[in-house]
Amino acid sequence: MTPEEQKAILAIALHAAFADGANDEREREEVRRVAESLANENGTADLTGLYQDVLLKRLPLAAIAAMLTDTGQRQFAYEMALCVCEVDGRLADGERRFLDELKRLLALPAMETDLIEGEVDALVDQTEFVLPQPATTSAPAILSAVSVAGQDKSILNYALLTGALELLPQSWASMAIIPLQIKMVYGIGQAHGVALDQGHVKEFIAAAGVGLTSQYLEQFGRKLLGGLLGKAAGKTFGKLGGAATGMAFSFATTYALGQAAKRYYAGGRTMNTALLRETFQSLLGPARQMQAQYLPQIQQKAATLDAGQIMALVRA
């Protein structure tokens, strides 16, 4: 893709992030941070300006859609928009209207969009589950040294897996990262005798400073601007793209999130939001340093994953 086409697809993804009409300042701030992060990493200074143009409606959706003339890129843009809208759960009415309008502007045949929606909906179906309720205790469970070591191993395994998912070329593979993080946090809480449901886990992840929509945008933006994604990226599984030798940033996010959850639930959930976010940020730096150490294992795991395995991991 040309830089202009990359920016057009990223702009469509940004439109999708705001399609639900939510005026959550925290979410907007997270999306802005993502735009700045991508600009700094890729030397593309106007990505923050792109975010402002989309947020302030200076860049109409029709104008962006017209910039994409290749059918494959139009399909890819729609797939990205759908993933951004669905990454935090079922579509809101505003998101459905946005996708219908985007479909019309991109002039996509129903057969193609139905196929894309079927793939993404199959993954979303697996994440809309009610977590079983463990027995609650009046005080945090005290884990043995063996249990703590097992929990650390589990967190590392989740980090390796989510890092591998980020390296895969298919466009929606990164959507599986968030349900796996939810499962990880749930398991940590359960180990400490804390009853959780999916809503509470999502609230914990957001309180730590990991926005669901912004996290997916960041993963997608890195893939797009790094050249890992091709125009048919969503159709090929089991192979790594040319940019897969790069760093898997989701490893650090998942590892730091798991360690923060371990401290939070072991401490009886006494951390306030500010302290929880500070704890997560303090763990993120060391986790990023670990990425280089574990990158060969992440790449090895990515080379063995396919679509069926991704679905099975989310269902497990």
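Distance check: Gln293 CD to Phe251 CZ gives 7.5 Å after rounding to the nearest 0.5 Å. Put simply, OH on Tyr51 and CG on Leu56 are 8.5 Å apart, with the number rounded to the nearest 0.5 Å. A distance of 10.5 Å separates CZ of Arg58 from CG of Leu50, quoted to the nearest 0.5 Å. Atom CZ of Phe280 and atom OH of Tyr264 lie 15.5 Å apart (nearest 0.5 Å). Taken to the nearest 0.5 Å, the CZ atom of Arg269 stands 12.5 Å off from the CG atom of Leu276. In this structure, the separation between CG on Leu14 and CZ on Arg32 is 13.0 Å, given to the nearest 0.5 Å.
Taking 4.5 Å as the limit, some side-chain heavy atom of Ile155 sits within range of a side-chain heavy atom of Ile188. Contact of the His200 side chain with the Val194 side chain is not registered, since no non-hydrogen atoms from C-beta on lie closer than 4.5 Å. Looking at Leu68 and Ile12, their side chains come closer than 4.5 Å, going by heavy atoms from C-beta outward. The side-chain heavy atoms of Gln75 and Thr71, taken from C-beta on, include a pair separated by under 4.5 Å. Contact annotation: the side chain of Asp152 approaches that of Lys262 to within less than 4.5 Å [non-hydrogen atoms, C-beta and beyond]. Counting heavy atoms from C-beta outward, Leu284 and Gln281 have side chains that approach closer than 4.5 Å.
Taking all atoms of both residues into account, the shortest heavy-atom contact from Leu275 to Met271 is CD2-CG, 3.8 Å. When all heavy atoms of Leu160 and Ile298 are compared, the closest pair comes out as CD2-CG1, 3.8 Å. Between Leu106 and Ala77, the shortest heavy-atom distance links the atoms CD1-CB, 4.5 Å. Nearest heavy atom pair, residue Ser250 against residue Thr162, reads O-OG1, 3.5 Å. For Asp70 against Gly72, the heavy-atom pair with the smallest separation is OD2-N, 2.9 Å. Of all non-hydrogen atoms in Thr254 and Met184, the two that sit nearest each other are O-CE, 3.4 Å.
Side-chain heavy atoms closer than 4.5 Å link hydrophobic residues (I, L, V, M, F, W, Y) into clusters, and following such links, possibly through other members, connects Tyr158 to Tyr186. Side-chain heavy atoms closer than 4.5 Å link hydrophobic residues (I, L, V, M, F, W, Y) into clusters, and following such links, possibly through other members, connects Leu102 to Phe18. When hydrophobic clusters are built by joining Ile, Leu, Val, Met, Phe, Trp and Tyr residues whose side-chain heavy atoms come closer than 4.5 Å, directly or via intermediates, Leu99 is grouped together with Leu10.
Between His15 and Phe98, the angle of the ring planes stays under 30°, which puts this pair in the parallel group of the 30/60° scheme.
Within the 3.5 Å criterion, the main-chain N or O of Gly150 finds no donor-acceptor partner in the side chain of Ser154. Under the 3.5 Å distance criterion, the side-chain polar atoms of Arg277 are matched with a main-chain donor or acceptor of Ala206. Under the 3.5 Å distance criterion, the side-chain polar atoms of Glu4 are left unmatched by any main-chain donor or acceptor of Met67.
Evaluated for a side chain to side chain contact (heavy atoms under 4.5 Å, CB included) with Asp93, the options Glu95, Arg97, Arg96 yield exactly one hit, Arg97. The side chain to side chain contact (heavy atoms under 4.5 Å, CB included) with Ile178 is formed by just one residue from the set Gln215, Lys183, Lys202; it is Gln215.
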* To do: Show your working on ring-ring contact (aromatic ring centres under 6.0 Å, His included) between Tyr294 and Tyr255 and close with a plain yes or no.
  => CA-CA 12 Å; Tyr294 285 101; Tyr255 188 83; 7.9 Å; no

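Taking the charged nitrogens against the carboxylate oxygens, Glu101 and Arg104 do have a contact shorter than 4.0 Å, which makes a salt bridge.
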